Number of protein chains: 2
Amino acid sequence: MKILIVEDEAKTGDYLRQGLSEAGFTTDLARNGMDGLHLALTGDHDLIILDVMLPGLDGWQVLETIRRSGKEMPVLFLTAKDQVEDRVKGLELGADDYLVKPFAFSELLARVRTILRRGRNGTEPTTLALADLELDLLRRRVTRSGKRIELTAKEFALLELLLRRHGEVLPRSLIASQVWDMNFDSDTNVIEVAVRRLRNKVDEPFEPKLIRTVRGMGYVLEEPEGD
Amino acid sequence: MKILIVEDEAKTGDYLRQGLSEAGFTTDLARNGMDGLHLALTGDHDLIILDVMLPGLDGWQVLETIRRSGKEMPVLFLTAKDQVEDRVKGLELGADDYLVKPFAFSELLARVRTILRRGRNGTEPTTLALADLELDLLRRRVTRSGKRIELTAKEFALLELLLRRHGEVLPRSLIASQVWDMNFDSDTNVIEVAVRRLRNKVDEPFEPKLIRTVRGMGYVLEEPEGD
DNA sequence: ATGCGGCAATGAAAATACTCATCGTTGAAG
DNA sequence: CTTCAACGATGAGTATTTTCATTGCCGCAT
């Protein structure tokens, strides 16, 4: 798998290149928009990682030109913090995913793998929902009944997991490994506490309650049975 | 590379097996000490991951028997939280590394790779030092001039990095990626703050000052030049 | 020498996450 | 029906980490 990185900031570029190489990808690195565009159009990359902030030709212009050329090539783009609207704009221009700087490398790798797995076609849903609860992956925002709910990173991760697999009872061990990258056995009750915090925000002020505890098993997110 | 996992707790075992398979290793899994020992002695594994707490034959007994049989095979063992002395005991019995539950899977993977890279021979140092500053990787303890210093996880990680590469100026980007798994550019000063906390504990009450700022470059841990 | 600009240091507050002790609920056993 | 034990919920306290605003320091240009 061959990945094109378009990133002007030297450190970031090298970091990405090295990390991706170690993960078994082949990489090309362009330091500006022009080179990036040229490489993208002439090369045979399976994915482009594209920084938005570039000297000269910026990320959007590159992306737009690639799309207009008819090249069907997945694009993951990198936006600076706070530039929330960039993400939306990027997605509209046909990016497949975005990542906000600063980001964890493991996160990038996960996205890259997801994109490559699904190939350049069906775009992943950018929003998850159940009943009146909605989670917008792009804006990292959650609403219920239209009301905005502020969540911390952990809360968001937990809710995202529950939502992605709603209807399924998720055992603690699974939650632990997904949300905490922790394996346990253990003698802590972080999960209970986290679920509680999430309930306070997401369920407590609303009806019906969507997070259900399954004794001895774990937690499910689902609409309650009408009985 | 073939890894033997000896773990009675089903979830943990499956978790390890799956994770390691995804990472490209072949695995065998034994649910108790006897089976584990048998597989270890008859198989051709490159590494054993051994839980200490096992029904019947416990981890130490397994380890001891393997060693007495003359099999030269690296062992990474898993101990429960708080059982600090286990780690020391385990190391004395010839384990190559240990990991405390609960642990992050990424951490396990890193250790596994380290062990396999160095092969079964020179054991990694279990302690790092510079001047009168010592860091005990096993007990996760730091002392300076013999005085015990309490560090948080991040502080420890940062100091460990500085010590492992003492004398080198470490750029922020490197520190960020190692200690925070973050790539940045960014507009945060977490690193400065973390360095400061570390200095307060490690340098402030002592002489000489070991953590030096290199303006525009990063930080070094070193003994000051006598000039 | 003076002022300026960029970088780093600092202190304090806010946000987040974790631990602990205690309480309540549930289901099974008697 | 009552008791008990296991499991989960809860609230509060604490630790840790991050953010923010401010200050200080250093080197360069004027």
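Everything numeric in this text was worked out from a predicted model, so none of it was measured. In what follows, chains carry the letters A, B, and so on, assigned in the order in which the sequence lines appear, proteins first and then strands, with residues in each chain numbered from 1.
- Side-chain contact check for A:D132 and A:S145: at least one donor-acceptor pair (N or O, by modelled atom type) lies under 3.5 Å.
- B:M217 places its CE atom 17 Å from the P atom of C:dG6, with the value rounded to the nearest Å.
- Comparing B:G218 and B:N200 against DNA chain C, the residue whose closest nucleotide sits nearer the 5' end is B:G218.
- Within the structure, every side-chain polar atom (N or O) of B:W180 is placed at least 4.0 Å from both OP1 and OP2 of D:dT17.
- The interatomic distance linking B:I175 (CD1) with D:dT18 (C1') rounds to 17 Å, in whole Å.
- Regarding A:I211, its CD1 atom lies at a distance of 13 Å from the C1' atom of D:dA9, rounded to whole Å.
- Closest approach to the A:R215 side chain among C:dT26, D:dT18, C:dA8 is made by C:dT26 (side chain taken as heavy atoms from C-beta onward).
- Under 4.0 angstrom from either OP1 or OP2 of D:dA15 there lies no side-chain N or O belonging to B:T152.
- Projected onto DNA chain C by closest heavy-atom contact, A:A153 and B:G216 fall at different nucleotides, the more 5' of which corresponds to B:G216.
- In this entry the distance linking CG of B:D203 with P of C:dA9 reads 12 Å, nearest Å.
- Taking every side-chain heavy atom of A:R197 into account, C:dC18 is the closest of C:dA8, C:dC18, C:dC20.
- Nearest to the side-chain atoms of B:K154 among the listed nucleotides C:dA21, D:dT17, C:dC18 stands D:dT17.
- Whole-Å rounding puts the B:F156 CZ to D:dT17 P distance at 13 Å.
- For D:dG8, the OP1/OP2 oxygens have no side-chain nitrogen or oxygen of A:T213 closer than 4.0 Å.
- Taking only side-chain atoms of A:R196, from C-beta outward, the nucleotide of C:dT10, D:dT10, C:dC18 with the closest atom is D:dT10.
- Each of C:dA21, C:dC7, C:dT10 was ranked by its minimum atom distance to the side chain of A:N189; first place goes to C:dA21.
- In this structure, of C:dA8, D:dG8, C:dT10, it is D:dG8 that holds the atom nearest to the side chain of A:Y219.
- Going from atom CD1 of B:I191 over to atom C1' of D:dT19 covers 15 Å, rounded to whole Å.
- Here A:R199 lies in heavy-atom contact (under 4.0 Å) with sugar-phosphate atoms only.
- OP1 and OP2 of C:dC18 both lie 4.0 Å or more from every side-chain N or O belonging to A:T188.
- Nearest nucleotide to the A:V193 side chain, out of C:dA9, D:dG11, D:dT18: D:dG11.
- In the model, A:T127 has no side-chain atom that pairs as donor or acceptor with a side-chain atom of A:R141 under 3.5 Å.
- Between D:dG8 and A:R172, a contact under 4.0 Å exists linking OP1 or OP2 to a side-chain N or O.
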Can you check side chain to side chain contact (heavy atoms under 4.5 Å, CB included) on B:L133 and B:F206, steps first, answer last? CA-CA 10 Å; B:L133 175 64; B:F206 302 95; over 6 Å; no

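- The nearest whole Å value for the distance from the CG atom in A:L151 to the C1' atom in C:dA15 is 14 Å.
- One finds the CD1 atom of A:I149 at 8.0 Å from the CG atom of A:L159 (value rounded to the nearest 0.5 Å).
- Once rounded to the nearest 0.5 Å, the distance linking CG of A:L210 with NE2 of A:H166 reads 10.5 Å.
- A donor-acceptor contact shorter than 3.5 Å is absent between the side chain of A:K154 and the backbone of A:A194.
- One can place CD of B:E192 at 15 Å from C1' of C:dG11, the figure rounded to the nearest angstrom.
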